[in-house]
Amino acid sequence: MLLHHCGNLVLISVFWKPSEGNNGYILVTANGGINQQRVAVCNIVAVARLLNATLVIPTFMFSSVWRDTSQFADIYQEDFFIDYLKPDIRIVKELPKELQSLDLEAIGSVVTDVDIAKETRPSFYLKHILPLLMKNRVVHFVGFGNRLASDPIPYHLQRLRCRCNFHALQFTPKIQATAALLIQRMRQNATHSGILDENLVGPFAKVKGKNQKKISDTWLYT
Ligand SMILES: *[C@@H]1O[C@H](CO)[C@@H](O)[C@H](O)[C@H]1NC(C)=O
Ligand SMILES: *[C@@H]1O[C@H](CO)[C@@H](O)[C@H](O)[C@H]1NC(C)=O
């Protein structure tokens, strides 16, 4: 369904100005496995744009199911993510010093999955989250599994979500190299590559045949 909405990925309207993120800071601790976390990241990117908020690099909740302690930079290229979305939203690596000591729980700025319905519409964020953000300068979403509707959602926000999912979130080179190797093995008899290969494994999508060994030497076992 996302793909359906994702044409013209690079055509950003001339009327589209970067958000300065002046309304405050959004923190998110995404739950679930890697797929749900990825959806949460792109949803929060859209919400940050909607609210003119600055996004702090997402963190991932440790789950007793997945037992994965990886954080954003272990899985995705953090600086690439920040730079790629510069035309859309402002992203920083951490809260400014003066906001770090706030007791977010005490001031009511912690918002969990209990407070937001699944597939919530943008209007909810404008009505209930924006005032909180303006008042406290920081809102921390904890959980945030599927908390933004797929439909209906304004076209420009949907396109931003697509840019996040298909372009801004690049796996780290080591993960890309491993994935490229798996793809090569599964497609050893195929005559052409898949349409999403480059989105998923970046430059490694092009490495084929006799270079296969090079992928493994350079990235897999170092
Ligand atoms: C965000 O900024 C844009 C451009 O300045 C403005 O049109 C919009 O009303 C702002 N929205 C919020 C929620 O502050
Ligand atoms: C590729 O083709 C060979 C020969 O027909 C076959 O043995 C092998 O299982 C195929 N590999 C894949 C991944 O389909």
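The first residue in the sequence is number 1, and the count goes up from there. Each ligand, and each atom within it, is numbered from 1 in the order the structure gives.
- The closest donor-acceptor contact from the side chain of Glu119 to the backbone of Ser150 lies under 3.5 Å.
- Near Leu50, meaning under 4.0 Å from one of its heavy atoms, ligand 1 places the atoms 13 (C).
- Counting protein heavy atoms under 4.0 angstrom from atom 4 (C) of ligand 2 gives zero.
- If you number the atoms of ligand 1 from 1 as listed, the ones under 4.0 Å from a heavy atom of Leu130 come out as 13 (C).
- Protein heavy atom at the shortest distance from atom 1 (C) of ligand 1 is Asn52 ND2, 1.4 Å.
- At a 4.0 Å heavy-atom cut-off, ligand 1 touches Asn23 through the side chain alone.
- Gln176 places no side-chain N or O within donor-acceptor distance of the main-chain N or O of Phe204, the cut-off being under 3.5 Å.
- Within the 4.0 Å cut-off (strictly below), no protein heavy atom is located near atom 7 (O) of ligand 2.
- When non-hydrogen atoms are compared, ligand 2 lies under 4.0 Å from the side chain of Gln188 (C-beta onward) but not from its backbone.
- Taking the ring axis of Tyr125 as reference, the NZ or CZ atom of Arg49 does not stay both within 45° of it and closer than 6.0 Å to the ring centre.
- Near Met186, meaning under 4.0 Å from any of its heavy atoms, are these atoms of ligand 2: 13 (C).
- Contact annotation for atom 11 (N) of ligand 1: protein present (non-hydrogen atoms, distance under 4.0 Å).
- Under a 4.0 Å criterion applied to the non-hydrogen atoms of Arg185, ligand 2 contributes the atoms 13 (C).
- Aromatic ring orientation, Phe60 versus Tyr76: perpendicular (interplanar angle above 60°, classes split at 30° and 60°).
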**Message:** I'd like to know whether Ile26 forms a side-chain contact (heavy atoms from CB on, under 4.5 Å) with Val56, so could you lay out the CA-CA distance, the side-chain angles of the two residues, the decisive distance to 0.1 Å, and finally the verdict.
**Reply:** CA-CA 6 Å; Ile26 288 180; Val56 178; over 6 Å; no
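- Although no hydrogens or angles enter the test, the distance criterion places a donor-acceptor pair under 3.5 Å between the side chain of Thr59 and the main chain of Val28.
- Gln158 and Arg161 are linked by a side-chain donor-acceptor pair at a separation below 3.5 angstrom, with hydrogens and angles left out of the test.
- With respect to atom 14 (O) of ligand 2, the closest heavy atom belonging to the protein is Asn189 ND2, 3.6 Å.
- Note on residues 129-140: pairs passing side-chain hydrogen bond (donor to acceptor under 3.5 Å, both in side chains), not counting sequence neighbours, are Thr29-His140, Ser109-Asn136.
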